[in-house]
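Predicted model, so just to flag it, every value in this text is computed and none were measured.
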Amino acid sequence: MTQNIPSPDAAAILAALPLGRDPVSIRRRIEAVERVMEGAFEIPGTSRRVGLDTLIGLIPVIGDVVAGAIGAWIVWEARNLGMSRWQLTRMGARVGFDTMLGLVPFVGDAADFFYRSNSRNLRTIKRHLDRNHPATVTINA
C-alpha cells in the first residue's frame, strides 16, 4: 500500500523558487517546474501522477505550444549550467518531439500522459550536475 503524501499546490512551489544563477538555484527551479509540469496532481484511485503538461495539452495547439515553451526554458537553463551541445541537442529534440506529437489530436493527449520529456530532461540535468557540481546533490528520503 502506498502512502498518500499531499503535494503542495503549484502556486506555492513556484513562489518558493530561488532566483540565483548558481547551480543550486538552477537545479531547484528546474526540479520545481518539472514537478508542476509532470506530477502536480494524482489521479484519484491510482498512483499515477499528472501535471500541467497533460492538462494544458488538452487545449488544442495553444496548450502544446505553451508546454513546449516551458520545456524549451528548461533546456535554456541547462545551457546556463554549461552542458554540452550534444546533451542540449538531445534535450531539445525531446521537447520538440513531445510538442509535435502533442499537436496530433488524441494521440498527443495520450503521449503527454506517457512520454514525459521534462522528466527525461531533468534526469539528464541531474546527471550533469552530480558529476560537475557535486555541491548541488540532494538526498531524496
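- A salt bridge links E31 to K126: one of the charged nitrogens lies within less than 4.0 Å of a carboxylate oxygen.
- One distance of note links CG of D22 with CZ of R28; it measures 8.5 Å at 0.5 Å rounding.
- Atom CZ of residue R29 and atom CD of residue E77 lie 4.5 Å apart, to the nearest 0.5 angstrom.
- A salt bridge links D130 with R27: the closest approach of a Lys/Arg side-chain nitrogen to an acidic carboxylate oxygen falls below 4.0 angstrom.
- What you find for L88 and M83 is that their closest heavy atoms are CD1-O, 3.7 Å.
- Other residues sharing a hydrophobic cluster with M100 under the 4.5 Å side-chain heavy-atom criterion for ILVMFWY residues are V61, V65, L103.
- Under the 4.5 Å side-chain heavy-atom criterion for ILVMFWY residues, a single connected hydrophobic cluster contains both I43 and F114.
- Heavy-atom minimum distance, E38 versus S119: CG-OG, 3.5 Å.
- V24 and L122 sit in two unconnected hydrophobic clusters of ILVMFWY residues. Membership requires side-chain heavy atoms under 4.5 Å apart, directly or through other members.
- Transitive grouping of hydrophobic side chains (ILVMFWY, heavy atoms separated by less than 4.5 Å) keeps L58 and L52 in distinct clusters.
- Taken to the nearest 0.5 Å, the CD1 atom of I59 stands 9.0 Å off from the CG atom of D64.
- Between the CG atom of N80 and the OG atom of S25 there is a distance of 12.0 Å, given to the nearest 0.5 Å.
- Note: I125 CD1 to R120 CZ = 14.5 Å, rounded to the nearest 0.5 Å.
- L101 belongs to a hydrophobic cluster whose other members, connected by ILVMFWY side-chain contacts under 4.5 Å either directly or through intermediates, are F97, V104, V107, Y115.
- Neither I62 nor F106 shares a network with the other; the hydrophobic side chains, linked directly or stepwise wherever heavy atoms of I, L, V, M, F, W or Y lie under 4.5 Å apart, form separate groups for each.
- By the side chain to side chain donor-acceptor pair (under 3.5 Å) test, R94 is found to be paired with N121, T124, residues two or more places apart in sequence or in another chain being considered.
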